[in-house]
Visitor: 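Let me begin by handing over the structure; questions about it come next.
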2 protein chains.
Amino acid sequence: MTPPARMPSRAVTDISDATLQRFAGYRMKRAFNVIRDDLHLVLKPFDLRMLTYTALVLIVDNPGLRQAQLADAMDVERPNVVVIVDELEQRGLIVRDPAPNDRRAYALNPTPAGEHLCATALTAVERHEERLMAGIDAETRAAMFAGLEAIRRGSDRRVK
Amino acid sequence: MTPPARMPSRAVTDISDATLQRFAGYRMKRAFNVIRDDLHLVLKPFDLRMLTYTALVLIVDNPGLRQAQLADAMDVERPNVVVIVDELEQRGLIVRDPAPNDRRAYALNPTPAGEHLCATALTAVERHEERLMAGIDAETRAAMFAGLEAIRRGSDRRVK
DNA sequence: TATTGTTATACTCTATAACTATA
DNA sequence: TATAGTTATAGAGTATAACAATA
């Protein structure tokens, strides 16, 4: 069963990433790559990317949201939110209403078209999720989610 | 204990991401952002980024590696590996030796300086890892790693 | 024909500084 | 003074096509 030993020059056909496997960052990057690539294909029919999809969902779930709040919720810098909101607005999926009591800000609201696209995309993403998580039992999923949440919350445990 | 109810206009100060929280992609992106930002600061003193650090570790652990194998191990396209290897070579951390039996390819090998920097950076990354995972018990860590590995392996369960 | 490494290129994501108009 | 949104810009990460040398 075991392959013949090749003593002189070690085979580089079987690459070891044992060192990197010890770190959450490496494992998460690899897993996230799979999710990102699949989500990319899933959202393509709706002409949405992960960022525009995330923004749309947040605006649908939180009508009246301001851009600064959206940036904070998405963990993205404010200038980068502008182009995302621009894109959604130009496609008629959301509107920039004037914010009450603050003439500097906008109240982001979904249009009926935006709500419809959001709902349709959401069901596609749910199928994508179930497909990728198919082999993982409920307890492992819960533990994984808890671990990810603990890392996210522990951002005050960062360096500096 | 409960704050006074504000019926007319719902407070948008408390943003709900409940919909997105149901998806592994969102939770992983948020957690990965924390890890990426911290790792960025941790590697900065060594003048390494996540990609160059990962490549260096893989080359140290797999001397004689070819670039195509490195690209595969890093889940990065071959053209993007060229600049990473360029950077490590120009800094004297690795060398591009001729590959035996194939004059097209290179055998990537670490220099003593590369091995030393790799070891030093590794201990810093170990501290970073333990800091970010501090609040997570062993069983949760194991389950999280198992879940991430299952997603990575299940890349054949992708769309198309 | 297929593969290795390469060049060129483009698109996305991310990050910072500086501006305007309001607060 | 500080904040909301904006502009401009630059750096990273990622992806594809096409090429020369070699298998």
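Chain letters run A, B, ... following the sequence lines, proteins first, then strands; residues in each count from 1. Everything numeric in this text was worked out from a predicted model, so none of it was measured.
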Visitor: On DNA chain C, does the nearest nucleotide to B:Y106 precede the nearest nucleotide to A:D102 from the 5' side, or the other way round? Give the residue.
Guide: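 The residue mapped nearer the 5' terminus is B:Y106.
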Visitor: Counting side-chain heavy atoms from CB outward, which of D:dA8, D:dA17, D:dG13 is closest to A:K29?
Guide: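 Within the option list, the nearest is D:dG13.
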Visitor: Could you check how far NZ of A:K44 sits from P of C:dC11, rounded to whole Å?
Guide: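 Value for this atom pair: 13 Å.
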Visitor: CG of A:L70 versus C1' of D:dT6: gap in Å, rounded?
Guide: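 A:L70 atom CG is separated from D:dT6 atom C1' by 15 Å.
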Visitor: Take atom CG of A:D37 and atom P of C:dC11, then tell me their distance rounded to the nearest Å.
Guide: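 One finds 19 Å between P of C:dC11 and CG of A:D37, rounded.
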Visitor: Is the distance from OP1 or OP2 of D:dG13 to the nearest side-chain N or O of B:R49 less than 4.0 Å?
Guide: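 True: B:R49 side-chain N/O within range (under 4.0 Å) of D:dG13 OP1/OP2.
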Visitor: Of the nucleotides D:dT16, C:dA2, D:dA15, which has the atom closest to the B:P79 side chain?
Guide: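 Of the candidates, D:dT16 comes closest.
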Visitor: Does A:N80 make a side-chain donor-acceptor contact with the base of C:dA15, cut-off 3.5 Å?
Guide: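 Indeed there is one.
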Visitor: Would you mind reading off the distance between B:M50 atom CE and D:dA12 atom C1', rounded to a whole angstrom?
Guide: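 Distance, rounded to whole Å: 14 Å.
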Visitor: Classify B:E77 by what it touches in the nucleic acid, base, sugar-phosphate, or nothing, heavy-atom distance under 4.0 Å.
Guide: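 Base, at least one base heavy atom under 4.0 Å.
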Visitor: Run B:Q67 and B:R78 through side chain to side chain contact (heavy atoms under 4.5 Å, CB included) and show every step you take.
Guide: CA-CA 7 Å; B:Q67 287 186 198; B:R78 252 121 26 191; 5.7 Å; no
Visitor: Would you say the base of D:dT22 and the side-chain of B:R103 have a donor-acceptor pair closer than 3.5 Å?
Guide: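 It does not, because no donor-acceptor pair links the side chain of B:R103 to the base of D:dT22 below 3.5 Å.
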Visitor: Keeping A:R141 on the side-chain end and A:I136 on the backbone end, is there a donor-acceptor pair under 3.5 Å?
Guide: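 A pair under 3.5 Å: yes.
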Visitor: Would you call A:E130-B:R22 a salt bridge at under 4.0 Å N-O?
Guide: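 A salt bridge is absent here (no side-chain N lies under 4.0 Å from a carboxylate O).
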Visitor: Report the residue (A:D86 or A:R36) whose heavy-atom-nearest nucleotide on DNA chain D is the more 5′ of the two.
Guide: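 Looking at the nearest nucleotide for each, A:D86 comes out on the 5' side.
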Visitor: What are the two closest non-hydrogen atoms of A:I15 and B:Q69, and how far apart are they?
Guide: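 Taking A:I15 first and B:Q69 second, the nearest heavy atoms are CD1-CB, 3.4 Å.
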Visitor: What is the distance, rounded to the nearest whole Å, between atom CZ of B:R78 and atom C1' of D:dA21?
Guide: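 It works out to 16 Å between those atoms.
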Visitor: Taking the minimum atom-to-atom distance to the side chain of A:A68, which one of D:dT14, D:dT22, D:dA4 wins?
Guide: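 Nearest to the side-chain atoms of A:A68, counting from C-beta on, is D:dA4.
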Visitor: Which one, D:dA15, C:dA15, C:dG5, comes nearest to the side chain of B:A105?
Guide: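 For B:A105, the side-chain atoms sit closest to C:dG5.
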Visitor: What is the distance from CG of A:N101 to P of C:dA23, rounded to the nearest Å?
Guide: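 Rounded to whole Å, this separation is 9 Å.
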Visitor: To the nearest Å, how far apart are B:L39 CG and C:dT14 C1'?
Guide: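 Rounded to whole Å, this separation is 16 Å.
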Visitor: Send over the distance from B:D97 CG to C:dT4 P, rounded to a whole Å.
Guide: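 Spelled out: CG on B:D97 to P on C:dT4 is 18 Å.
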Visitor: Please determine whether a side-chain nitrogen or oxygen atom of B:Q67 lies at a distance below 4.0 Å from atom OP1 or OP2 of C:dT6.
Guide: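 For C:dT6, OP1/OP2 do have a side-chain N/O of B:Q67 under 4.0 Å.
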Visitor: Salt-bridged, A:R36 to B:D75, with N to O below 4.0 Å?
Guide: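 Judged by the 4.0 Å cut-off on N to carboxylate O distance, A:R36 and B:D75 do not form a salt bridge.
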